[in-house]
Amino acid sequence: MIRTQLLTENGELLIGDQSLIEIWRHNKACFIWIDLEGERPADEKAMLQSLDCHTLAIEDVQRYRHPPKTETFDNHTLILYRGLSEFKKDLTFKQMTIALFAGDRCLISCHQRPSRGITYFWEHCHKENLIVSPGLLASKIMRFSVGCYVDSLLEFEPFLNEMEDSMQDKPSDDIMRELIAYKSRLRKLKRIFSYHERLVTNLLKDIPQRLIDEDGDIEHGLQDLFERCERLNSLCAMYYEICGDLINGYLSISSHQLNNTMKVLTVITAIFVPLTFIVGVYGMNFDNMPELHWHYGYFYILSGMLLFACAATAFAYKKWL
């Protein structure tokens, strides 16, 4: 699907298909937003080439799971990032690559599935007069997408607190398995957010002159976007470390419980091994054993074993063993 928004020199907004592109080409006072959603790779490539997008930029856009990046070419600045199409409370998510080409009087967006940020600003960009500032509009679209990440990630925090309380009160293998799964998902999110933070950092270090010359306040827009990406990365890192600490805590508790169990078994062994030895010796029944013919030998040995067991139990109770 190809849709367009054209802002004429008279301030009139026209919404249509690719037919508006020719009007934009012939009128240097017009601004246009071209949105490509779910286009076949061949059709998408042909459209981007017709709009003078660089060949390498097109290859990056169509490359499967290309990491987020930004690059400035002669006619446009490319912003390639990961947007959300689905994000659940258990941190399972579906992501998609969103490409934004900010050029002279033109913004081109490419994505395979509906995007929240693009959908929102498609309806509100004219009210906020953002079509005349393609770079600022691109930064706001990405900021909105990053905001969806923040909102979804913050919903996980109360659930993580509940798991932390459960781990302290009654640790279990089920909670342990959940924490390992969450840690794995947070690692993936952390990698994505790290890419986003680096992307905006690179933009801030060297803002293309084309974006500075726009009417929009691109510097503050990018700074706001950077702060949101930085917060998102730090939140993800914090949750990742909390999950790791809970896992280590569970392992420490399990190890401590095992040590206590082994301690009890060791004490029992220390009591019964000597008794078993005595029983083994006097259970051999050789004819030359002098004790074998004692009239009260059974009671002597049994009394001695009982005294030893009581003494060893007392020592264990006093924690002297």
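Worth saying up front: this structure is predicted, and the values here are computed from it rather than measured. Heavy-atom basis, side chains included; hydrogens, waters and symmetry copies ignored.
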Per-pair distances, 0.1 Å, donor-acceptor, side chain in residues 185-197, under 3.5 Å, sequence neighbours excluded:
from: R185; atom 1: NH1; to: D90; atom 2: O; distance (Å): 2.6
from: H196; atom 1: NE2; to: R82; atom 2: N; distance (Å): 3.1
from: E197; atom 1: OE1; to: N233; atom 2: ND2; distance (Å): 2.7

Distance-only donor-acceptor hits, side chain of residues 10-24, under 3.5 Å, sequence neighbours excluded:
from: D17; atom 1: OD1; to: S19; atom 2: N; distance (Å): 3.0
from: D17; atom 1: OD1; to: S19; atom 2: OG; distance (Å): 2.5
from: W24; atom 1: NE1; to: R105; atom 2: O; distance (Å): 3.1

- Validation row, ring centre Y240 to ring centre Y182 under 6.0 Å: no
By side-chain hydrogen bond (donor to acceptor under 3.5 Å, both in side chains), which residues pair with [X], not counting sequence neighbours?
{"X": "Y239", "value": "E157"}
{"X": "R228", "value": "none"}
{"X": "H124", "value": "none"}
{"X": "E39", "value": "none"}

- Counting only heavy atoms not in K183, do more than 12 fall under 6.0 Å of its NZ? yes
- Item | Any pair counted as salt bridge (charged side-chain N to carboxylate O under 4.0 Å, His left out), so long as it reaches residues 140-150, sequence neighbours left out | R143-D224
- Item | Partner set under ring-ring contact (aromatic ring centres under 6.0 Å, His included) for H111, not counting sequence neighbours | none
- Give a yes-or-no answer on whether the side chains of W33 and T4 include a donor-acceptor pair shorter than 3.5 Å. no
For [X], all residues meeting side-chain contact (heavy atoms from CB on, under 4.5 Å), sequence neighbours excluded:
{"X": "R177", "answer": "D173, D174"}
{"X": "M176", "answer": "I180, I247, Y250, L251"}
{"X": "D245", "answer": "none"}
{"X": "S50", "answer": "R25, M47"}

- Is there a donor-acceptor pair under 3.5 Å between the side chain of T70 and the backbone N or O of L78? yes
